[in-house]
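All values derive from a computational prediction rather than experimental measurement. Numbering starts at 1 and runs along the sequence shown.
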Amino acid sequence: MDLVIRGARVVDGSGDAAYTADVGIQDGRITEIHREGEAGPRPTGTRLLDAAGLALAPGFIDMHAHSDLALLRDPDHSAKAAQGVTLEVIGQDGLSYAPVDDRTLAEVRQAITGWNGDGSDIDFDWRSVGEYLDRLDRAHGGRGIPVNAAYLIPQGTVRMYAMGWEDREASPADLERMKELVAQGMEQGAVGMSSGLTYTPGMYAKDAELTELCRVVASYGGYYCPHHRSYGAGALEAYREMVELTRTAGCPLHLAHATMNFGVNKGKAPDLLALLDGALDDGADITLDTYPYTPGCTTLVAMLPSWASEGGPEAILARLQDDATAERIRHHMEVIGADGCHGVPIEWDTIEVSGVSDPGLASCVGKTIQRSADMRGEEPWVTARRLLINDRLGSTILQHVGHEENVRAIMRHPVHTGGSDGILQGFKPHPRAYGTFPQYLGKYVRELGVLSLEECVAHLTSRAAARLRLPDRGYVRAGYRADLVLFDPDTVAAGSTFDAPRTPPVGLPHVLIDGKFVIEDGRRTDVIAGRAVRRTA
């Protein structure tokens with residue numbers, strides 16, 4: 001064999017008890033598992049790796065990633081590879097770069113600069129979903145991408161393509177065009193469709209429109225992954241809306257970064273879980289993902305009311321530059337509660353700037369809007385407005401509005417999977433981008449005992465693979481792809497913190513993709529073994 005991993009503690013992804021075994025790998029697949037004490041000779045190979053003291057698990061699947069351009073930009077991509085992530089699901093929150101035409105591409109690039117950079121270093125030589133997936137496969141001189149990636153069709157981008165940024169109901173012709181774009185994307189290999197229903201223009205879609213698009217997704221065996229309409233004042237109602245919508249459409253549902261945030265939802269995770277359990281008992285097909293931290297992360301412009309975002313980025317900037325309109329925006333955000341801020345009046349002392357597009361604004365990073373305003377002796381809206389204009393909507397933020405008891409309760413649920421929601425841009429990104437998976441294993445398994453090791457690995461591997469309908473990933477089993485991670489259960493931990501968010505994890509010495517070491521002895525190799533993972537029939 002090419003490689004034999006000797007004496008590993010195999011945590012195989014099933015949730016069953018771990019066992020000690022030798023695991024043989026040949027031509028990128030697991031070919032033999034010889035359990036300790038079994039009769040017969042131990043497997044031998046060209047290379048032997050002594051894994052005594054290490055756990056061997058399937059590679060982790062990041063169910064909510066924002067690496068759409070990072071995979072093309074960075075052949076190292078240790079932010080994910082060093083965590084043991086071997087597959088990311090991109091195209092999230094209803095906004096990404098395919099399908100597009102020239103107009104839509106220019107608009108979406110500006111709209112999500114805070115997530116992925118402006119893309120000035122990227123050759124956007126694709127327009128369709130299939131062309132984007134092909135582009136991933138031929139990235140980095142034809143070698144591919146650093147980790148595997150699956151793609152969700154972004155509903156907001158589809159609406160932008162078909163209708164622009166108008167806040168209106170789709171006409172029959174509009175709807176047919178959007179259904180056509182979704183069908184084409186699914187045929188070309190997407191695994192489902194995402195929405196960002198607090199982001200424009202996707203949030204302008206009514207339930208009837210979303211239901212029709214979900215019917216198309218379901219007809220191809222895909223799933224719907226919404227960032228739903230509220231994680232704040234209307235959170236429970238927003239979850240219920242998505243459950244009912246997808247059941248009407250007959251489409252599997254995967255709830256993105258499913259949590260209950262803001263003061264109004266403190267201690268209310270059991271209400272969400274009861275809603276989901278009732279639907280599951282009635283036969284609904286539902287999964288969800290979360291990150292193991294309390295703060296959220298998004299762009300500052302996402303906090304604005306939807307009416308202020310109609311027409312796209314240039315229209316937003318024009319409104320911000322008009323004093324009377326800017327005052328209306330402030331009142332909506334601070335007094336009424338903007339839908340962009342989940343219906344909750346914004347608390348500027350919870351909004352920490354994590355990144356800016358203009359390096360000249362770096363002094364804002366690491367401070368809350370309230371702190372920056374106090375230092376200037378001005379009201380926080382004045383500071384926020386200036387930042388939005390001067391950074392041309394490119395600023396990212398951390399939003400400190402979560403609740404630890406909700407995080408723990410939701411991660412215990414049987415349909416839970418792991419998703420980093422990691423934005424890699426900015427001077428001070430959220431540490432979840434670099435630490436989500438070792439954070440689960442170190443803090444929530446070893447230190448707190450919220451999940452057992454076997455349960456946690458199942459959440460991060462096989463359950464995600466099942467949602468993606470991947471027949472040969474998510475388990476340590478003979479015949480499965482050798483996308484694997486070896487870690488020390490006694491020491492594995494996230495190195496990233498809010499103060500030092502790009503610090504690599506510890507206790508995670510080896511990661512393999514397609515049977516090749518991308519992390520070896522804790523160091524990134526020069527191996528690029530990832531590919532676009534297309535929907536299977």
Side-chain angles (χ1 to χ4, degrees), residues 66 79 112-118 198 231-232 257 259 261-263 291 293-305 308 313 316-317 320-321 326-327 329-335 337-338 340-342 344-404 420-436 439 494-503:
H66 288 285
I112 54 175
T113 292
W115 293 358
N116 299 307
D118 64 9
T198 65
Y231 290 80
H257 37 61
T259 189
N261 287 338
F262 302 91
Y291 47 84
Y293 299 88
T294 53
C297 181
T298 186
T299 55
L300 183 57
V301 67
M303 298 291 100
L304 302 184
I316 298 170
L317 288 166
L320 288 167
Q321 289 163 342
E327 173 56 24
I329 294 171
R330 182 206 65 78
H331 181 78
H332 210 117
M333 294 176 71
E334 294 185 350
V335 179
C341 194
H342 308 278
V344 177
I346 197 162
E347 297 175 331
W348 294 111
D349 61 350
T350 69
I351 306 297
E352 177 186 353
V353 178
S354 59
V356 290
S357 296
D358 181 353
L361 300 169
S363 62
C364 298
V365 175
K367 301 182 183 71
T368 65
I369 295 292
Q370 185 69 60
R371 172 64 177 154
S372 290
D374 290 344
M375 291 173 67
R376 284 178 164 269
E378 62 190 17
E379 292 300 313
W381 169 243
V382 176
T383 301
R385 179 188 176 192
R386 181 189 304 109
L387 183 58
L388 286 162
I389 293 170
N390 291 351
D391 206 27
R392 292 191 59 79
L393 314 180
S395 306
T396 53
I397 60 169
L398 303 182
Q399 196 168 17
H400 296 271
V401 292
H403 306 287
E404 179 67 21
S420 70
D421 196 12
I423 294 174
L424 302 172
Q425 292 295 116
F427 297 112
K428 193 170 181 269
H430 196 303
R432 68 192 184 192
Y434 288 74
T436 285
Q439 177 85 339
S496 58
T497 65
F498 286 99
D499 290 330
R502 288 190 170 90
T503 307

When you compare the side chain of [Y] with that of [X], does any pair of heavy atoms fall below 4.5 Å?
{"X": "Thr113", "Y": "Leu393", "value": "no"}
{"X": "Val356", "Y": "Val365", "value": "yes"}
{"X": "Leu387", "Y": "Cys364", "value": "yes"}
{"X": "Ile369", "Y": "Ile397", "value": "no"}
{"X": "Val353", "Y": "Lys367", "value": "no"}
{"X": "Pro305", "Y": "Ile329", "value": "yes"}
{"X": "Phe498", "Y": "Pro295", "value": "yes"}
{"X": "Pro501", "Y": "His430", "value": "no"}

Test of understanding: with salt bridge (Lys or Arg N to Asp or Glu O under 4.0 Å), list the residues that count as partners of [X], not counting sequence neighbours.
{"X": "Asp391", "answer": "none"}
{"X": "Arg502", "answer": "none"}
{"X": "Glu334", "answer": "Arg330"}

Partners meeting side chain to side chain donor-acceptor pair (under 3.5 Å) with [X] (sequence neighbours left out):
{"X": "Thr298", "value": "Tyr199"}
{"X": "Asp374", "value": "Gln370"}
{"X": "His403", "value": "none"}
{"X": "Asn261", "value": "none"}

*Once the angle between the rings of Trp115 and His66 is folded into 0 to 90°, is it parallel (under 30°), tilted (30 to 60°) or perpendicular (over 60°)?*
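Judged by the thresholds at 30° and 60°, the geometry between Trp115 and His66 is tilted.
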
Inter-residue atom distance [X].[atom1] - [Y].[atom2], 0.5 Å rounding:
{"X": "Leu300", "Y": "Leu388", "atom1": "CG", "atom2": "CG", "result": "4.0 Å"}
{"X": "Cys297", "Y": "Gln425", "atom1": "SG", "atom2": "CD", "result": "11.0 Å"}
{"X": "Thr259", "Y": "Tyr293", "atom1": "OG1", "atom2": "OH", "result": "14.5 Å"}
{"X": "Leu317", "Y": "Asn390", "atom1": "CG", "atom2": "CG", "result": "10.0 Å"}
{"X": "Arg371", "Y": "Met375", "atom1": "CZ", "atom2": "CE", "result": "5.0 Å"}
{"X": "Ile351", "Y": "Ser372", "atom1": "CD1", "atom2": "OG", "result": "12.5 Å"}

*Which residue pairs pass the side-chain hydrogen bond (donor to acceptor under 3.5 Å, both in side chains) test when at least one of the two sits in residues 349-360, sequence neighbours left out?*
Glu352-His400, Glu352-Lys428, Ser354-Thr396

*Got a sec, which pairs hit side-chain hydrogen bond (donor to acceptor under 3.5 Å, both in side chains) with one end in residues 379-388, sequence neighbours left out?*
Asp323-Arg385, Glu378-Thr383, Glu378-Arg386

*So, His342 side chain and Tyr231 main chain: donor-acceptor pair closer than 3.5 Å or not?*
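Checking the backbone N and O of Tyr231 against the side chain of His342, a donor-acceptor pair under 3.5 Å is found.
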
*asked:* For Phe427 versus Pro359, what's the shortest heavy-atom pair and its separation?
replied: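 Distance-wise, the nearest heavy atoms are CZ-CA, 4.1 Å.
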
*asked:* I need the minimum non-hydrogen distance between Tyr291 and Gly296, along with the two atoms involved.
replied: OH-CA, 3.4 Å

Please identify each residue that fulfils side chain to side chain contact (heavy atoms under 4.5 Å, CB included) with [X], with sequence neighbours left out.
{"X": "Thr294", "result": "Glu404, Val407"}
{"X": "Ala500", "result": "Thr497, Thr503"}
{"X": "Cys341", "result": "Phe262, Met303, Ile346, Gln399"}

